[in-house]
Amino acid sequence: MKLQNQINQKSFSPNEGFIKNYQKLVKEVVIPYQYQVLNDSSQDNSEKSHVIQNFINAGNTLAGKGKGDGFYGMVFQDSDAAKWLEAVGFSLSIFPDKELEKTADVLIDIIAAAQEEDGYLDTYFTLNDNDGKNRRWTNLLEGHELYCAGHMMEAACAYYESTGKKKLLDVMEKNAECIYKVFMEGSQFNKEAYPGHPEVELALMKMYRLTGNKHCFELARHFIDVRGLDPQHFEKECNQRDWTVWGSDGKDTFYNQAHLPVRQQKDAKGHAVRAVYLYTGMADLASAIDDADLISACKDLWKSITQRQMYITGGIGSTNLGEAFSVDYDLPSDTAYCETCASIGLIFFASRLLEMEVNNEYSDIMERAFYNTVLGGMQLDGKRFFYVNPLEIVPGIAGTAQTHRHDLPQRPSWYACACCPPNVARLVSSFGKYAYGENADTAYCHLFAAGKIDFANGISLNCETEYPYSYTVKYSVEKAGSDSVLAIRIPGWSKEWSIEKTSSSSSSFTSSESPASNCIKGYVYIPVKKGDVITLKLDSTPYFVYPSPKIPDLSGQVALCRGPFVYCAEGLDNGGDVLSLSFDVSKPVTEAAEGDVPAAVKGKKYYALNVSGWREKIQESEVLYSSKKPEKSLENIKMVPYYTWGNRGINQMKIWFPHN
């Protein structure tokens, strides 16, 4: 069924440019900083992590040396180490580093020592069950054992692909066998069980592809197939035990996507991260077994998210109540949740849908989520992170009012539930896997990233571009077979575009022509041979985006975009106040002087834009409401890319504006 696959992580070697700069930031700053945090040695007063010490304590417990200071942190604390290791694996494939590899090997030894005889691996339960009580597998609703296992499986795959070292992979294959015995060969109740927090499903599919272990495939299929067959399973589970983590009763079947069997689910519901992780596993399995019903469900769920429940930034999950999807068209800007991990999961889901149907509606959303919410989730210096990504900030309300406490006006350095920071690190480091895909004779260019790409099908390309701050992308074909094809995505936002092939038989395609035989579902297919040079030119014109009238919070408003970037106004650039501004959309948008911008984006062409508009004058500052019509003055409104907001101190921020 699969039309194309992701490339191997070693296939992409970035050249100097936007993506490589971010990958270098992750390697040089983010990975070392996060290791310090995980090792409780950070000097920036960040919250204690204790992740590595948890593994050490668990290993000592199993060796009969005592459990030290026991377990500290969230029930899913192990997953932070797993995501860090996965980021290291991806980073080592780009920037080999013996010292970093040695550090990772030591951590893997520590993790291996914490694995129990039967393959079980979870420090929360190993340390907390040391009193003789066996709580393993009795609280799938809250316990996150399968979630932690899934992340460690992904880490094992990434580290093996990068280094060829199998120790962690062997540990996780043994762990998978432990899981198999419990849920495929155990009690009838266990056979009917499924993870409270989906993740292991997509990880098991990765393990299966890498190792060929059929038990991994059978487990992934089983967990997907049984979910929702008994919507009351978690409630029954609660009634069978006398302990809890957070006091959940299992009755909210929507929260865990357990309300219906997965093939009957049409609308995205519940906790947003759990949802998109589940949907990723579903799409992966669907294309692997060519399951028409599962494919249909995945596409319905995609439409539910992207056509009725997604923010312009690619953020998903609009409410802090359950970190969840709300209802269709409920997309408030100032109380938006938009967890960074949710947008990362949306990218995973889109990438799997691309494997069953090459269509720019999937890659466009991957790009939007990455360049806005995901990058916006990390400070430009790589040391501070957002869990929540609001689209409007008013200091004094954001982070303070009871309804807005989750929407912080600046990024914290670290926090107790630190799932997002290592998640950003692993996605940025693996960007090439999402940018490029392949099948037997075609190289797919989904996203634009400068670098050398060696496809397994024999095609080799060199991509030159300053994207996303420049809109020309050049591909030089260094190797190709007799039937090789290059498939290049045309972003939906680019109203005008052209592609030119330079070779002995030159040809070109433009947006005004775009013959159906060459442009299919947003991709232009070009036969290529060695020595060909293909140049793509996209539209650099800023454009206004208008919301659906069905979104009540955005009635009569407009947003500004350029290329993949959504733009916002910050108070620092606009006299301290952006709430009184409105746009004049009849006037052209112009480029702004660089001015006061973060050092990380100085010199970037097209960084800031000017929009013509108005500012309402405050006439009676002590009056809450007035019968006087407000006076307006002409205003030049400076806009910056959303991902850069909050890097220059606390100030107002806004994306959507009233307009004429």
Side-chain angles (χ1 to χ4, degrees), residues 14 16-34 36-37 42 44 46 87 91 95 313-315 338 340-341 343-344 367-391 393 395 398 407-415 418 420-429 431 449-450 466-470 562-573 592-609 638-655:
E16 295 302 325
F18 188 90
I19 295 301
K20 184 173 183 179
N21 288 340
Y22 258 99
Q23 292 178 332
K24 285 171 66 177
L25 178 69
V26 168
K27 194 267 182 189
E28 295 171 1
V29 177
V30 180
I31 286 175
Y33 168 70
Q34 292 186 358
Q36 289 177 356
V37 173
S42 173
D44 65 352
S46 59
S91 184
F95 309 111
T313 56
C338 296
T340 304
C341 286
S343 286
I344 290 171
E367 179 179 74
R368 177 175 298 191
F370 180 80
Y371 282 106
N372 295 288
T373 299
V374 175
L375 292 188
M378 181 171 70
Q379 192 99 332
L380 292 172
D381 65 5
K383 290 188 176 181
R384 302 175 73 87
F385 305 88
F386 273 139
Y387 189 100
V388 176
N389 294 274
L391 282 74
I393 284 290
D407 287 312
L408 302 179
Q410 62 180 346
R411 298 168 182 82
S413 56
W414 197 262
Y415 30 82
C420 299
N423 224 357
V424 172
R426 69 172 179 145
L427 179 65
V428 169
S429 298
F431 187 84
E466 294 181 13
Y467 195 87
Y469 282 107
S470 177
R562 188 176 205 168
F565 291 135
V566 175
Y567 275 69
C568 68
E570 288 192 272
L572 184 68
D573 301 315
E594 187 175 87
D596 178 22
V597 301
V601 293
K602 280 190 181 296
K604 299 291 187 186
K605 190 179 181 184
Y606 309 142
Y607 169 76
L609 299 172
K638 184 175 179 180
M639 307 289 290
V640 297
Y642 170 78
Y643 84 95
T644 68
W645 87 270
N647 279 271
R648 296 174 289 166
I650 295 178
N651 68 152
Q652 292 183 5
M653 182 275 293
K654 189 173 170 66
I655 286 177

Nearest-0.5 Å distance, [atom1] of residue [X] to [atom2] of residue [Y]:
X: Y387; Y: C341; atom1: OH; atom2: SG; answer: 6.5 Å
X: K20; Y: L25; atom1: NZ; atom2: CG; answer: 14.0 Å
X: L572; Y: R648; atom1: CG; atom2: CZ; answer: 4.5 Å
X: F385; Y: Q379; atom1: CZ; atom2: CD; answer: 9.0 Å

So [Y] and [X], do their side chains get closer than 4.5 Å, heavy atoms only?
X: Y371; Y: Y467; value: yes
X: F565; Y: Y469; value: yes
X: E466; Y: E16; value: no
X: W645; Y: P598; value: no
X: V388; Y: C338; value: no

Between the side chains of [X] and [Y], does any donor sit under 3.5 Å from an acceptor?
X: R426; Y: N423; result: yes
X: T340; Y: N389; result: yes
X: Y643; Y: T373; result: no

The test is side-chain contact (heavy atoms from CB on, under 4.5 Å); show your working for Y567 and I655 and say whether it passes. CA-CA 6 Å; Y567 275 69; I655 286 177; over 6 Å; no

Any chance you could lay out the side-chain contact (heavy atoms from CB on, under 4.5 Å) test for F95 and E28, step after step, and finish with the verdict? CA-CA 10 Å; F95 309 111; E28 295 171 1; over 6 Å; no

Minimum heavy-atom distance between [X] and [Y], given as atom pair plus value:
X: R411; Y: G377; answer: NE-C, 4.2 Å
X: A425; Y: S429; answer: O-OG, 2.9 Å
X: N372; Y: P564; answer: ND2-O, 2.9 Å
X: Y22; Y: L375; answer: CE2-CD2, 3.9 Å
X: G376; Y: F386; answer: O-CD1, 3.6 Å

Say whether, by atom type as modelled, one donor and one acceptor occur between the side chain of [X] and the main chain of [Y] under 3.5 angstrom.
X: S42; Y: Q36; answer: no
X: D573; Y: K638; answer: no
X: Q23; Y: V428; answer: yes
X: N647; Y: T644; answer: yes

Applying side-chain contact (heavy atoms from CB on, under 4.5 Å), run through Y33 and V37 and close with a yes or a no. CA-CA 6 Å; Y33 168 70; V37 173; 3.8 Å; yes

V640 and C568: side-chain contact (heavy atoms from CB on, under 4.5 Å), yes or no, with the steps? CA-CA 6 Å; V640 297; C568 68; 4.1 Å; yes

Sort and list the pairs that fulfil salt bridge (charged side-chain N to carboxylate O under 4.0 Å, His left out) and have at least one residue in residues 374-386, not counting sequence neighbours. none

